K.L.:
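What follows is a structure written as structure tokens; I'll ask about it next.
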Amino acid sequence: MNLDELYQTVILDHAQRPRNYGELPQATAFAEGNNPSCGDEVTVYVKLDANGEKIEDIKFKGAGCAISQASTSLMTVKLKGKTVAEASKFEKTFHDMMTAVTLPEYPQGFGDLQILEGVRKFPQRVKCATLGWNALKQALGGNSSHDPVTSENE
Ligand code: FES
């Protein structure tokens, strides 16, 4: 299977059967990401441990194209159990993979997130692939209190 076939297979699989889909009632923070060019939105929920250092659980909800759903689904699988520092590093690497002039060095464990690398050739789709990641960044970068990052869903 070449990279294009792998890309198709993984994207379709995660788009049709998104992992960690749904609300997370015990979330310690959440945030919405939206793609202004199409109006699609996802909400990412994270539950941090008592020290606020590790992602004990992560889920997402929302509608969007196959790339946005698959990218967010892959993100949740990858980040569950990671520290906030690791998750932030992955988020930055993912962002650089999409937008930096030169490809970043991939941290250990980045794994199949790398198959989305080809999206960088399609600028309109970059917003799709980063939709969930932008929400994650807001959720983690927000406060460390138990207040949700956005107030729209309160
Ligand atoms: Fe809306 Fe991709 S077309 S997120």
Side-chain angles (χ1 to χ4, degrees), residues 1-48 55 57-82 84 86-104 106-107 109-143 147-154:
M1 191 183 281
N2 65 33
L3 196 62
D4 280 350
E5 288 166 341
L6 183 66
Y7 170 85
Q8 295 286 349
T9 305
V10 173
I11 297 289
L12 278 180
D13 178 38
H14 278 264
Q16 287 167 354
R17 295 187 307 117
R19 319 300 198 271
N20 302 305
Y21 191 88
E23 284 189 30
L24 187 58
Q26 320 90 316
T28 51
F30 69 89
E32 286 178 1
N34 72 74
N35 182 348
S37 53
C38 63
D40 289 331
E41 290 181 347
V42 298
T43 304
V44 172
Y45 304 88
V46 291
K47 178 178 186 292
L48 300 182
I55 297 176
D57 207 356
I58 175 167
K59 286 191 166 204
F60 78 103
K61 210 179 90 170
C65 63
I67 291 178
S68 68
Q69 296 292 295
S71 177
T72 310
S73 172
L74 280 162
M75 176 187 85
T76 61
V77 170
K78 203 52 87 173
L79 299 187
K80 197 184 279 194
K82 292 264 190 302
V84 170
E86 288 169 326
S88 295
K89 186 171 187 184
F90 274 38
E91 183 279 320
K92 184 177 182 325
T93 302
F94 191 89
H95 194 263
D96 287 349
M97 180 175 82
M98 289 291 123
T99 61
V101 177
T102 51
L103 283 168
Y106 295 111
F110 201 71
D112 48 9
L113 291 172
Q114 212 180 319
I115 66 163
L116 285 153
E117 186 186 287
V119 173
R120 66 192 264 119
K121 287 183 272 179
F122 307 98
Q124 305 95 317
R125 307 320 300 271
V126 165
K127 287 189 180 135
C128 305
T130 53
L131 189 62
W133 290 88
N134 290 340
L136 171 86
K137 185 178 182 182
Q138 271 194 67
L140 295 182
N143 41 49
D147 296 333
V149 174
T150 62
S151 57
E152 290 177 35
N153 288 350
E154 286 180 314

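Model, not experiment: these values are computed from the prediction. Order of appearance sets the numbers: ligands from 1, and atoms from 1 within every ligand.
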K.L.:
Give me the ring orientation class for F94 and F110: parallel if the planes are under 30° apart, tilted from 30 to 60°, perpendicular past 60°.
P.N.:
tilted
K.L.:
So how far is it from S71 OG to M98 CE, rounded to the nearest 0.5 Å?
P.N.:
7.0 Å
K.L.:
Decide yes or no for N134 and K127: does some side-chain heavy atom of the first lie under 4.5 Å from some side-chain heavy atom of the second?
P.N.:
no
K.L.:
Out of L131, T72, L79, T130, which one pairs with L136 under the side-chain contact (heavy atoms from CB on, under 4.5 Å) rule?
P.N.:
L79
K.L.:
Between D13 and R19, is there a salt bridge with N-O shorter than 4.0 Å?
P.N.:
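Yes, R19 and D13 are salt-bridged.
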K.L.:
Hey, is the main chain of V46 close enough, under 3.5 Å, to the side chain of T28 for a donor-acceptor pair?
P.N.:
yes
K.L.:
Less than 2.8 Å away from atom 1 (Fe) of ligand 1, how many protein N/O/S atoms can be counted, ignoring water?
P.N.:
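Counting protein N, O and S atoms closer than 2.8 Å to atom 1 (Fe) of ligand 1 gives 2.
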